[in-house]
Engineer: 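I'd like to ask some things about the structure below.
Within every chain, numbering begins at 1; the chains are lettered A, B, ... in the order of the sequence lines, protein sequences first and strands thereafter.
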Number of protein chains: 2
Amino acid sequence: MLAYMCWPTFVGMTDTGTPAPPRRSDATRTAILTAARERFAADGYERATIRAIARDAGIDPSMVMRYYGSKEGLFAAVLDVNLQLPAPEGLDPRRMGEILVGHFLDLWEENEVLTVMLRVGVTNPAGGERLRGVFRDQLVSLARHVCPDPEQAPARAALVASQILGMALTRYILRLPPTVALSREEIVAWLGPTVQRYLTAPYPAPYPR
Amino acid sequence: MLAYMCWPTFVGMTDTGTPAPPRRSDATRTAILTAARERFAADGYERATIRAIARDAGIDPSMVMRYYGSKEGLFAAVLDVNLQLPAPEGLDPRRMGEILVGHFLDLWEENEVLTVMLRVGVTNPAGGERLRGVFRDQLVSLARHVCPDPEQAPARAALVASQILGMALTRYILRLPPTVALSREEIVAWLGPTVQRYLTAPYPAPYPR
DNA sequence: GGTGTTGGCCAACAAGCGTTGACCAACGGC
DNA sequence: GCCGTTGGTCAACGCTTGTTGGCCAACACC
């Protein structure tokens, strides 16, 4: 019924050098994880019920509890991925905006996990914290390598996040029709210079009110 | 306990020329509406329970049902506001980005309703539809008056929405600390030119991949 | 071939939800 | 001063949720 493409990481599993041996239940574990990812992405945390996830995976709800402990454990397992931002070294800093926008579009298209993170981060405190963590650890440190004054890195990263998350919000969550209709190339052409400016343009003198 | 500052619009009330006469229960009605707005803004639709709203308003949950019919009716009453975008006539089209960003910041600061709409629109289908409607009716028609080719208005409005909603998301929903730390003037100075470009700059030739 | 372990289902639990209807107290017109 | 109307509380219903423990079948090992 479902395709099992990756080995899940089990909650509470201590990493003992050798990865855990394959088990007969791996297919079920992965089916649960896949169904959970889809449900969380589509419905958010509260409306994605364990019963619905189990139904999608074709097994009993109690199996979810046995393999992932609780609904929160399952959610943590779904979010257990790290998005690979490009290392800033070796990239043309003048095309950083363009590169970053393209990379984020790829991430969003290929992986439902980011949709989960954003949709859940809006209503669920744990999801929000996770989103803040990703922002803090990845985007700020990237900005620190690119922008002129490292002290401005958090503010510049925040501006970049506002544009990139805003595009993700309108395109993948709210699905505003004109936003969905934009091609990848158009988005890169419009947003790339914006992100580039947020990263490297001189800090503007605020407008007088 | 709570301040009642405005008269609520009652669900199902048909507008018969003269506004409905004041009733003894108006204070309670408004208290419910205020508490509901705060709860919906803070917790989203599913986690904001009628019982919690009633507790905040200091009355019994059944009163909420009596006055607003159902949870969805209450939610509709909370969203029953129309945000007043500036009429494009008489405004300097070259400063439109700056004006628009400032106006949206004002709207967001003064009114929790937009927070409700965004937070609920992410998980609740009805909220999402409402958000799409506001976008379609207000932002696109504004873009039509400002941008060079009216046919491009939806795409340009979508880009503007991505930046403005993204700022709202990171500042008022996710509360990324560096975003919250930005002053109103900094935000206008950074985002104003972006929005201006999305509205009036010539449509760019997409980057080759 | 018996036996312990694993994978899975079933039925039920307590809690919380939106919602309902019966009931009581205070007000207002005659 | 009476009585219909209004504002409000209380207790309960039916349902869904996350979660639990008992039970059965299939496998693995000696």
Side-chain angles (χ1 to χ4, degrees), chain A residues 1-2 4 7-8 10-13 20-33 35-36 39-40 42-78 120 123-127, chain B residues 1-2 4 7-8 10-13 20-33 35-36 39-40 42-78 120 123-127:
Chain A
M1 177 191 284
L2 288 166
Y4 318 123
W7 286 15
F10 306 138
V11 173
M13 188 179 75
R23 291 164 144 267
R24 260 191 303 145
S25 58
D26 281 352
T28 303
R29 288 182 139 97
T30 323
I32 294 175
L33 215 52
R39 279 284 176 177
F40 281 135
D43 298 336
Y45 187 82
E46 342 283 336
R47 291 162 35 103
T49 69
I50 288 202
R51 285 173 155 88
I53 292 169
R55 204 178 319 127
D56 288 358
I59 46 90
D60 189 87
S62 63
M63 300 300 293
V64 178
M65 307 303 297
R66 189 183 302 189
Y67 290 145
Y68 294 97
S70 67
K71 186 178 182 180
E72 276 207 52
L74 174 63
F75 179 64
V78 166
V120 173
T123 46
N124 187 281
Chain B
M1 177 191 282
L2 288 167
Y4 318 124
W7 286 16
F10 306 137
V11 172
M13 189 179 75
R23 293 163 143 269
R24 261 190 304 144
S25 59
D26 281 353
T28 302
R29 290 183 139 95
T30 324
I32 294 174
L33 215 52
R39 281 283 177 178
F40 280 136
D43 298 336
Y45 187 82
E46 340 283 340
R47 291 162 35 103
T49 67
I50 288 202
R51 285 171 153 91
I53 292 169
R55 204 179 318 127
D56 288 356
I59 45 91
D60 191 88
S62 63
M63 299 300 293
V64 178
M65 307 303 297
R66 173 131 45 155
Y67 290 146
Y68 294 97
S70 68
K71 186 178 183 181
E72 276 208 51
L74 174 63
F75 179 64
V78 166
V120 173
T123 46
N124 188 282

Engineer: Using whole Å, report how far OH of A:Y68 lies from P of C:dG7.
Structural biologist: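 So the two atoms are 13 Å apart, to the nearest Å.
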
Engineer: Would a 4.5 Å heavy-atom cut-off, applied to side chains only, mark A:R29 and A:D26 as touching?
Structural biologist: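 Counting from C-beta outward, A:R29 and A:D26 do come under 4.5 Å.
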
Engineer: Once you round it to whole Å, what is the distance between P of C:dA22 and CE of B:M63?
Structural biologist: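 Value for this atom pair: 17 Å.
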
Engineer: In chain order, what residues pass the side chain to side chain contact (heavy atoms under 4.5 Å, CB included) check against B:A36, with sequence neighbours excluded?
Structural biologist: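 Partners of B:A36 under the side chain to side chain contact (heavy atoms under 4.5 Å, CB included) test: B:F40, B:I53, B:L74, B:V78.
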
Engineer: Distance check needed: D:dT6 P versus B:Y67 OH, whole Å only.
Structural biologist: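 After rounding, the gap between these two atoms is 11 Å.
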
Engineer: What integer distance in Å separates B:L74:CG from C:dC17:P?
Structural biologist: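 B:L74 atom CG is separated from C:dC17 atom P by 15 Å.
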
Engineer: For B:E46, what residues pass the salt bridge (charged side-chain N to carboxylate O under 4.0 Å, His left out) criterion, not counting sequence neighbours?
Structural biologist: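 B:E46 satisfies salt bridge (charged side-chain N to carboxylate O under 4.0 Å, His left out) with A:R47 once adjacent residues are dropped.
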
Engineer: Please report, rounded to the nearest Å, how far the P atom of C:dC24 is from the CG atom of B:D60.
Structural biologist: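 It works out to 16 Å between those atoms.
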
Engineer: Between CZ of B:F75 and CD1 of B:I50, what distance do you get to the nearest 0.5 Å?
Structural biologist: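 Going from CZ on B:F75 over to CD1 on B:I50, the span is 12.5 Å.
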
Engineer: Taking only residues two or more places apart in sequence or in another chain, which ones pass side-chain hydrogen bond (donor to acceptor under 3.5 Å, both in side chains) with B:T49?
Structural biologist: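 B:T49 satisfies side-chain hydrogen bond (donor to acceptor under 3.5 Å, both in side chains) with no other residue.
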
Engineer: Look for any protein N or O under 3.5 Å of an N or O in nucleotides 13-19 of chain D and output each such pair with its distance, or none.
Structural biologist:
from	atom 1	to	atom 2	distance (Å)
D:dG18	OP1	A:I50	N	3.4
D:dG18	OP1	A:K71	NZ	3.0
D:dG18	OP2	A:I50	N	3.1
D:dG18	N7	A:R51	NH1	2.6
D:dG18	O6	A:R51	NH2	3.1
D:dT19	OP2	A:K71	N	2.8

Engineer: Just how far is it from atom CD1 of B:I32 to atom CE of B:M65, taken to the nearest 0.5 Å?
Structural biologist: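 The distance works out to 11.0 Å.
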
Engineer: Atom CZ of B:R66 and atom P of D:dG7: how far apart are they, to the nearest Å?
Structural biologist: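 These atoms are roughly 8 Å apart.
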
